Trainee: 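Before I ask anything, here is the structure I am working with.
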Amino acid sequence: MIVALIVACEAGFWVLLALGLAVRYLLGWRRTSVVLLLCEPLLELVLFVVTAVDLKNGAEPGWEHGLAALYIGFTVGYGHYTIRRLDGWAAHRLAGAPKRPGPPRYGMARARYEGALWLRTVLASAVAAALLQGAVRYVGGDGDVSSLRAFQVTAARIVAVHGLIALTYLVWPKKAPAGTAERSALAARHPQDVPDGLVGGARQDEEQVR
């Protein structure tokens, strides 16, 4: 039942998100869209309550309870980020708003971006570990909590692996192609000498480098 509920919550997340963005940008119902998007946390609350009740009713702690904790944690860590990114995409595609710039691609700007994502992973894993620890205490010393402990270790491993990946962008920052810097400098000094269409591209590349 827990696994089916996780799948239902994941599907519900995307359905509510799609509906919220559609009514905001296609129908102009801003308040309705806010209500729909505010329903997103209720899905995680339902999953948390059902998981707690399942354990209270005597269910043996299993991998599905650990998976539920990880799901809730990563929704907390990345849910708002996902909504914000897709909101920008919908505003551009459906309402004609300017296209939001993508993530930086080069240098320290990319390293900071990856570090910020890692902090979200830290938050997500911390929430999951706290929920798992609460379940361990709830079950008590007489129950088998090895599966819950195993998921705590999994959460720590996720933080460690993602941290190493983010660190590579700091230690070995990706350099912009040589032509990018040259075009940016040319556009800044002599915009009249740059062919049509190149100034905007150079400025965009410069922003990505920053």
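Just so we're clear, the structure is a prediction, and the values are computed from it rather than from any experiment.
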Trainee: Taking all non-hydrogen atoms of both residues, which atom of Val23 and which atom of Leu36 are closest, and how far apart?
Mentor: CG2-CD1, 3.9 Å
Trainee: Are Leu170 and Leu167 packed together at the side-chain level, in the sense that at least one heavy-atom pair is separated by less than 4.5 angstrom?
Mentor: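 The answer is yes; the side chains approach within 4.5 Å.
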Trainee: Evaluate the side chain to side chain contact (heavy atoms under 4.5 Å, CB included) criterion for residues Lys175 and Tyr106: first the C-alpha distance (whole Å), next the side-chain angles of each, then the deciding distance (0.1 Å), finally the verdict.
Mentor: CA-CA 6 Å; Lys175 295 182 179 179; Tyr106 309 110; over 6 Å; no
Trainee: With the 4.5 Å side-chain cut-off for hydrophobic clustering, are Val171 and Ile165 part of the same group?
Mentor: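 No; Ile165 is not reachable from Val171 via cluster members.
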Trainee: How far does CZ of Arg24 sit from CG of Leu37, to the nearest 0.5 angstrom?
Mentor: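 Answer for the CZ-CG pair, Arg24 versus Leu37, is 6.0 Å.
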Trainee: How long is the gap from CD on Glu44 to CZ on Phe13, to the nearest 0.5 Å?
Mentor: 7.5 Å
Trainee: Minimum heavy-atom separation for Leu132 and His65, please, with both atom names.
Mentor: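 Smallest heavy-atom distance, with atoms named: CD2-O, 4.4 Å.
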Trainee: Hydrophobic clustering (ILVMFWY, side-chain heavy atoms < 4.5 Å, transitive) - are Val159 and Tyr81 grouped together?
Mentor: no
Trainee: Between Tyr71 (side chain only) and Glu10 (backbone N and O only), is there a donor and an acceptor less than 3.5 Å apart?
Mentor: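 Pair found, side chain donor or acceptor close to backbone of Glu10.
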Trainee: I'd like to know if Ile158 and Val161 are part of one continuous hydrophobic network [Ile/Leu/Val/Met/Phe/Trp/Tyr, side-chain heavy atoms within less than 4.5 Å].
Mentor: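 No, Val161 and Ile158 fall in different hydrophobic clusters.
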Trainee: Side chain of Ser125, backbone of Val122: donor and acceptor closer than 3.5 Å?
Mentor: no
Trainee: So which atom in Arg84 and which in Arg100 form the shortest heavy-atom distance, rounded to 0.1 Å?
Mentor: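 Shortest heavy-atom contact: O-NH1, 3.2 Å.
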Trainee: Decide if atom NE2 of His80 counts as having more than 12 heavy atoms of other residues, nucleotides or ligands within a radius under 6.0 Å.
Mentor: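 Check fails, neighbour count at 12 or below.
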Trainee: For Pro101 and Arg85, which heavy atoms make the closest approach, and how far apart are they?
Mentor: O-NH1, 3.9 Å
Trainee: For a 4.5 angstrom cut-off between non-hydrogen side-chain atoms, does Leu47 reach Leu43?
Mentor: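 SC-SC contact between Leu47 and Leu43 ruled out.
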Trainee: Which heavy atom of Cys39 sits nearest a heavy atom of Leu16, and at what distance?
Mentor: CB-CD1, 3.9 Å
Trainee: For the CG atom of Leu19 and the OG1 atom of Thr32, what is their distance to the nearest 0.5 Å?
Mentor: 11.0 Å
Trainee: Distance from Trp14 atom CH2 to Thr82 atom OG1, nearest 0.5 Å?
Mentor: 5.5 Å
Trainee: Quick one: do the Glu114 and Trp118 side chains pair a donor with an acceptor below 3.5 Å?
Mentor: no
Trainee: Of the non-hydrogen atoms in Gln152 and Ala129, which two are nearest, and what is the gap between them?
Mentor: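 Minimum heavy-atom separation between Gln152 and Ala129: NE2-O, 3.2 Å.
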Trainee: Quick check for you: to the nearest 0.5 Å, what is the distance between Glu64 atom CD and Phe151 atom CZ?
Mentor: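 The distance works out to 8.5 Å.
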Trainee: Same hydrophobic cluster for Val76 and Leu119, using side-chain heavy-atom links shorter than 4.5 Å among ILVMFWY?
Mentor: no
Trainee: Rounded at 0.5 Å granularity, tell me how far OG in Ser33 sits from OH in Tyr25.
Mentor: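 Here the rounded value is 7.5 Å.
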Trainee: Looking at Phe48, I'd like to know if its CZ atom is crowded, meaning that more than 12 non-hydrogen atoms belonging to other residues, nucleotides or ligands lie closer than 6.0 Å.
Mentor: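 No, CZ of Phe48 has 12 or fewer neighbouring heavy atoms, counting only those of other groups under 6.0 Å.
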Trainee: Go through the side-chain N and O atoms of Tyr78 and Thr121 and say whether any donor and acceptor fall under 3.5 Å apart.
Mentor: yes
Trainee: For Leu117 and His162: C-alpha separation, side-chain torsions, deciding distance, then whether side chain to side chain contact (heavy atoms under 4.5 Å, CB included) applies.
Mentor: CA-CA 9 Å; Leu117 287 184; His162 192 180; 4.1 Å; yes
Trainee: Take Val127 and Phe74 through the side chain to side chain contact (heavy atoms under 4.5 Å, CB included) test and state the conclusion after the steps.
Mentor: CA-CA 8 Å; Val127 171; Phe74 277 83; over 6 Å; no
Trainee: I would like to know whether Leu94 and Leu21 meet side chain to side chain contact (heavy atoms under 4.5 Å, CB included); could you show each step before the answer?
Mentor: CA-CA 9 Å; Leu94 303 179; Leu21 296 178; 5.5 Å; no
Trainee: Hey, does Arg157 have a side-chain heavy atom less than 4.5 Å from the side chain of Val153?
Mentor: yes
Trainee: Applying the 4.5 Å side-chain criterion to the ILVMFWY set and letting contacts propagate, would Val34 and Leu86 be lumped into a single cluster?
Mentor: no
